[in-house]
Amino acid sequence: MSFFNSKIVREELESINELQNDIFEELSSFPTLTTQQKNEHIEKMSSLLEKQQLMYTRVSLSDDPQAIRMKEELQKSLVLMGFPPNTNVNAFFETMTQTIKNLKLSVD
């Protein structure tokens with residue numbers, strides 16, 4: 001069975017997509033949100049990052065050609081986001097985790 005035919009993988013990808021959409025929809029109004037709303041938004045970001053890390057781990061452990069391509073595309077997308085070539089994806093996740101922590105501190 002293909003990696004992406006797994007029910008668990010499909011459900012997690014759908015959940016990731018929904019969270020991303022929610023976060024992007026709220027992003028432009030972030031400065032005008034209440035403190036509670038900002039904290040809820042930051043929690044969504046944290047949840048999204050956790051789900052992405054878990055999916056990256058699953059993709060990394062798979063030998064399915066589609067999963068391997070997805071991992072390669074993620075690596076390429078880091079460069080498009082301004083990270084140096086050959087940046088370890090886990091280093092990206094650590095950077096994003098710290099960014100979310102700093103954002104939370106600035107709201108509190």
Side-chain angles (χ1 to χ4, degrees):
M1 172 171 35
S2 170
F3 178 79
F4 294 101
N5 288 338
S6 162
K7 181 179 178 183
I8 293 170
V9 169
R10 284 193 324 267
E11 288 173 353
E12 276 303 302
L13 286 172
E14 185 176 322
S15 175
I16 287 170
N17 191 43
E18 288 173 8
L19 263 175
Q20 285 175 331
N21 289 337
D22 285 350
I23 290 167
F24 288 132
E25 285 177 13
E26 296 172 349
L27 195 56
S28 63
S29 63
F30 186 81
T32 62
L33 297 176
T34 66
T35 301
Q36 180 180 345
Q37 291 170 322
K38 287 179 180 179
N39 283 323
E40 289 170 2
H41 182 80
I42 293 167
E43 285 306 314
K44 284 182 189 178
M45 292 170 62
S46 182
S47 177
L48 173 61
L49 187 62
E50 288 174 16
K51 288 177 179 285
Q52 289 172 328
Q53 284 179 289
L54 180 59
M55 184 56 66
Y56 179 74
T57 300
R58 285 183 174 138
V59 165
S60 295
L61 295 173
S62 176
D63 59 357
D64 181 277
Q66 288 181 317
I68 293 168
R69 276 194 301 279
M70 183 180 198
K71 183 178 175 185
E72 291 168 352
E73 290 302 315
L74 178 58
Q75 186 67 45
K76 289 178 187 176
S77 69
L78 291 180
V79 174
L80 295 174
M81 289 188 283
F83 287 86
N86 299 320
T87 296
N88 182 308
V89 175
N90 290 316
F92 163 76
F93 286 129
E94 289 173 18
T95 299
M96 293 307 300
T97 298
Q98 190 59 48
T99 299
I100 290 171
K101 284 180 184 177
N102 291 342
L103 184 58
K104 177 128 177 79
L105 289 173
S106 73
V107 169
D108 290 337

Donor-acceptor contact present, side-chain [X] to main-chain [Y], <3.5 Å:
X     : Y     : value
Gln75 : Thr87 : yes
Asn39 : Thr35 : yes
Ser15 : Glu11 : no

Taking all non-hydrogen atoms of both residues, which atom of [X] and which atom of [Y] are closest, and how far apart?
X     : Y     : answer
Tyr56 : Leu74 : CD1-CD2, 3.3 Å
Asp64 : Phe3  : OD2-N, 3.2 Å
Ser28 : Pro31 : O-CD, 3.7 Å
Val9  : Met55 : O-CE, 3.9 Å

If I take atom [atom1] from residue [X] and atom [atom2] from residue [Y], how far apart are they, to the nearest 0.5 angstrom?
X     : Y     : atom1 : atom2 : answer
Asn86 : Leu78 : CG    : CG    : 10.5 Å
Lys51 : Ser46 : NZ    : OG    : 11.5 Å
Ile42 : Ile23 : CD1   : CD1   : 10.5 Å
Gln37 : Glu26 : CD    : CD    : 8.5 Å
Leu33 : Glu40 : CG    : CD    : 9.0 Å

Set of ring-ring contact (aromatic ring centres under 6.0 Å, His included) partners for Phe30, sequence neighbours left out: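 Applying ring-ring contact (aromatic ring centres under 6.0 Å, His included) to Phe30 gives His41.
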CA sep, side-chain torsions, deciding dist, call: Arg58, Glu12, side-chain contact (heavy atoms from CB on, under 4.5 Å): CA-CA 11 Å; Arg58 285 183 174 138; Glu12 276 303 302; 3.4 Å; yes
Using the rule that two of Ile, Leu, Val, Met, Phe, Trp, Tyr join whenever any of their side-chain heavy atoms come within less than 4.5 Å, decide whether [X] and [Y] are in one cluster.
X     : Y      : answer
Met81 : Val59  : yes
Leu19 : Leu27  : no
Phe92 : Leu80  : no
Phe24 : Ile100 : no

Worked verdict on Lys76 versus Glu73 for side-chain contact (heavy atoms from CB on, under 4.5 Å): CA-CA 5 Å; Lys76 289 178 187 176; Glu73 290 302 315; 3.5 Å; yes
Arg69 with Glu72: basic N within carboxylate O range, under 4.0 Å: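 Not counted as a salt bridge, because no side-chain N and carboxylate O are separated by less than 4.0 Å.
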Asn21 atom CG, neighbour heavy-atom count above 12 within 6.0 Å: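 Above 12, so yes.
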Leu105, CG: over 12 other non-hydrogen atoms inside 6.0 angstrom: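 Counting other residues, nucleotides and ligands, CG of Leu105 exceeds 12 neighbours.
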Side-chain donor-acceptor contact under 3.5 Å, Gln98 with Asn102: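 Gln98 vs Asn102: donor-acceptor pair found between side chains.
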side-chain contact (heavy atoms from CB on, under 4.5 Å) assessment of Gln52 paired with Leu49: CA-CA 5 Å; Gln52 289 172 328; Leu49 187 62; 3.9 Å; yes
